[in-house]
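Only one structure is covered here, and it is reproduced in the block below.
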Amino acid sequence: MTDTTDRTSVSAGEVSNPSQPLVTRFAPSPTGHLHIGGARTALFCWAFARRSGGRFMIRIEDTDQARSSEESARGILEDLAWLGIEWDDGPVLELKRPGSEARRIGGDARGVGPFFQAQRVPIYDAYAESLVRAGRAYPAFESSEDLETQRKAAIAAKQTYRYERPADVTPGVFNEARWSRACSGEKHVIRFLSLHEPIVVQDEILGDVRIAPGELDDFVIRKADGFPTYHFAVVIDDELMGVTHVLRAQEHLANTPRHVAMQRALVRLPEHGGPRPFQTPRYGHMPLIFNMDSTKMSKRDKAKAARAAVKQMLSSKQHSLQSLGDALRAFGGSRSGMATPESAAATAANFAAQQLAAFVAGDVDYVEVAETIAACFAIKLPEVNVYDFRRSGYLPEAIINFLGLLGWNPGMKLADGKDLEKFDQDFLATHFGLERIGRTSAKFDRNKLLSFNADAIAAMPAPAFVDRWRSWLSEFEPAALAKLQARNPDALALMAPSIKPRAKTFSETLKPLAFALMGDAEYAFDPAAVSKALTADGGAGISILRSAREALAACEDWTPSTLHSLIENLARDRGFVGDKGVNVGPVAQPIRVAIAGVAVTPPLGESLALLGKASTLARIDRCLASV
RNA sequence: GGCCCCGUCGUCUAGCCUGGUCCAGGACACCACCCUUUCACGGUGGUGACAUGGGUUCGAAUCCCAUCGGGGUCACCA
């Protein structure tokens, strides 16, 4: 099995058994929420499986003990489910939605689990040993400090560092001495023994990628803590779980030769149906996604944004480091989130001045710190995780559509000759293919996503909008929802027609309603608005407002349409009639400023209806009294 | 630095494989006008790109080469 030198390429056609079902997988590591880029990978894997009548699998890569958490794993599964990306094989997620039956996603119909790598360690151990016995891997005893020193020396000498194979290690020969040292408990890692053979990865998207012989050194496949490295676990699991197609981001391209090299060396064990050589799945490496400024999209963006805001506060003397820390502690530093053991420890420090100083200085980038700062001071952080977009009021269908266009394109035209850009998940399930995945990296254009989201909201029938709006509010803005419903039990249905075209996300729905969220005596009068609508022209607006107040006080039917005609009639009576009919502005603006303090509100009829008659009159009186 | 990938409007892209229908089409953003009781929505129009240089060809965004530029990767992270 070690004689592989004559194999110079891996044919994509080697996925041998035609009756073998096509299987794709998404394999996140549970170190936080689902990243928006990961969501695209998952979406493409899902779509490809659906299009091909295959299966889509989830595997959790939790071999990094320090950074993984069960909480994150569940969060990621929930994010996927929220997007509507459901897996056939993988961890089971119970979904309980109010009003509907509980649903389960996942399971192990093919009997290939468990799907958490941490639960598969005995399997990796068995294959590592088989490799050692075949002379294709060996225990190594150097300390990581020593290796680090060597690596630094090589870099200083401007040379490429490669691990140098010990002299007593020979390809294809079982090194019994090293193995017994390892078995006796001496601290060690296991390294793969790389043959100096040329490797060609036949990529479904990029074409043949050739790696010269000698580029691969003897990399680690099992860490000193006994856990497999990513490379090793992936190769074992993809084989044992029947994965036929690996679609992943291009950052993994350079790793693929390692995987191919291991697949050539590995043989299925008898307990897994062997002996039988491992197969090489088909690979497809997808373009990377960046920020608009070409930096990598990462959670560090949040730290950057929060840091910038804090620096601003410090330099404008709004806060000292001390008062900032006090404010954060008072706010309640430890809110539960997707903490990993590492970051939880950081947040636990509760924003001691020292801790904050380190964050501001950029020495640490803890997301939890950034998010607490943002929540405490109402700073908007850039969305980078699926959950961030959800919290900001994006719709899953808009995200799916946008992601589907990031690196893929249906290449179809509409009847009017325009490109087909708007599609849903079903469309992807029936039209997605690897042929039309691009090769160039893409920048994440938040504007376009926003526009897609606005279109999706606009396209929603009003009742659906009200439902979804309500559930978003109850999840993320319960206080605002309560206030609105206290004003008017039907507030949402009443305002939906005027809010829907004005909001690009659910979180934007609250801005136009700010006037109604404040108490009748709480809002301030904007001097510029007051001057323009009321006090200008010797107080023309004030006199209009007085007569409007009278008319409103006499109004019996407090509905948007009646209120609207009332205002129109007032305008007509005052003679505000031009070529194009009645000009209601001179009447509407004074009322608007009176009831909201500013010159901008949703349409007046609806706004007054939402406030109610008593509040409206009280607000006008307060305005009249103050100008 | 070694190895690898990529290069069409500001951004996402169509076109490239199978050269001519492309002085390059769409979308987002931007600008202007229209609509309009504010703010939005909507409508119409506009600005705006084949990285550069060589080839091949009657003809190149499309094929070839070079240069330049961008990115990825070289961990006991995944």
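By convention in this document, chain letters (A, B, ...) are assigned in the order of the sequence lines, proteins followed by strands, and residues within each chain are numbered from 1. What you see is a predicted model, and the numbers here were worked out from it, not measured in a lab. These values consider heavy atoms only, across backbone and side chains, with no hydrogens, waters or symmetry-generated copies.
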Provide, to the nearest angstrom, the distance between the [atom1] atom belonging to [X] and the [atom2] atom belonging to [N].
| X | N | atom1 | atom2 | value |
| --- | --- | --- | --- | --- |
| A/L414 | B/A27 | CG | C1' | 11 Å |
| A/D416 | B/A27 | CG | P | 8 Å |
| A/I199 | B/C3 | CD1 | C1' | 13 Å |
| A/M292 | B/C28 | CE | P | 14 Å |
| A/F402 | B/A29 | CZ | C1' | 12 Å |
| A/N447 | B/A29 | CG | C1' | 6 Å |

Can you check whether [X] and [Y] have ring centres sitting under 6.0 Å from each other?
| X | Y | result |
| --- | --- | --- |
| A/W408 | A/F432 | yes |
| A/F219 | A/Y163 | no |
| A/F402 | A/F444 | yes |

Aromatic ring pairing A/Y523/A/F525, orientation class (parallel under 30°, perpendicular over 60°, tilted between): perpendicular
Donor on one side chain, acceptor on other, A/E606 and A/S498, under 3.5 Å: no
Short side-chain donor-acceptor distance under 3.5 Å, A/H188 and A/R222: yes
Which residue lies more 5' along RNA chain B, comparing A/V209 with A/G605 via nearest heavy atoms: A/V209
RNA chain B: 5'-proximal contact among A/P586 and A/S451 (nearest heavy atom): A/S451
Check every atom of [options] against the side chain of [X] and return the nucleotide holding the closest atom.
| X | options | result |
| --- | --- | --- |
| A/L206 | B/C12, B/C5, B/A27 | B/C5 |
| A/Q589 | B/C12, B/U37, B/C6 | B/U37 |
| A/E215 | B/U38, B/C3, B/U11 | B/C3 |
| A/K443 | B/C41, B/U37, B/U11 | B/U11 |
| A/A442 | B/C41, B/U13, B/C5 | B/U13 |

Just checking [X]: base, sugar-phosphate only, or nothing, at a heavy-atom cut-off of under 4.0 Å?
| X | answer |
| --- | --- |
| A/T601 | base |
| A/R59 | nothing |
| A/G438 | nothing |

Within 45° cone and under 6.0 Å: A/R40 NZ/CZ vs A/F44 ring: yes
Pi-cation contact, A/F141 with A/R181 (under 6.0 Å, within 45°): yes
Side chain to side chain contact (heavy atoms under 4.5 Å, CB included) between A/V234 and A/R248, intermediate numbers included: CA-CA 12 Å; A/V234 157; A/R248 41 152 71 144; 4.3 Å; yes
Who does [N] pair with, Watson-Crick or G-U, both distances under 3.5 Å?
| N | answer |
| --- | --- |
| B/C30 | B/G46 |
| B/A75 | none |
| B/G20 | B/C58 |
| B/A51 | B/U67 |

Which whole number of Å gives the distance between the [atom1] atom of [N] and that of [M]?
| N | M | atom1 | value |
| --- | --- | --- | --- |
| B/C6 | B/U62 | P | 16 Å |
| B/C28 | B/U67 | C1' | 34 Å |
| B/G20 | B/G46 | P | 26 Å |
| B/G26 | B/A14 | C1' | 7 Å |
| B/U18 | B/C65 | P | 15 Å |
| B/C12 | B/A29 | C1' | 11 Å |
| B/A61 | B/G19 | C1' | 10 Å |
| B/C41 | B/G48 | P | 25 Å |

Ring pair (Phe, Tyr, Trp, His ring centres under 6.0 Å) between A/Y230 and A/H252, intermediate numbers included: CA-CA 11 Å; A/Y230 159 77; A/H252 292 291; 5.6 Å; yes
Heavy-atom protein contacts under 4.0 Å, nucleotides 69-78 of chain B, coded B base, S sugar-phosphate only, - none: --SSS-SBBB
Reading 5' to 3' through nucleotides 16-25 of chain B, protein heavy-atom contacts under 4.0 Å coded B for base, S for sugar-phosphate only, - for none: ---------B
Interatomic distance, A/L247 atom CG to A/D203 atom CG [nearest 0.5 angstrom]: 9.5 Å
In B/C41, glycosidic geometry as syn within 90° of 0 or anti otherwise: syn
CZ (A/R300) with more than 12 external heavy atoms under 6.0 Å: no
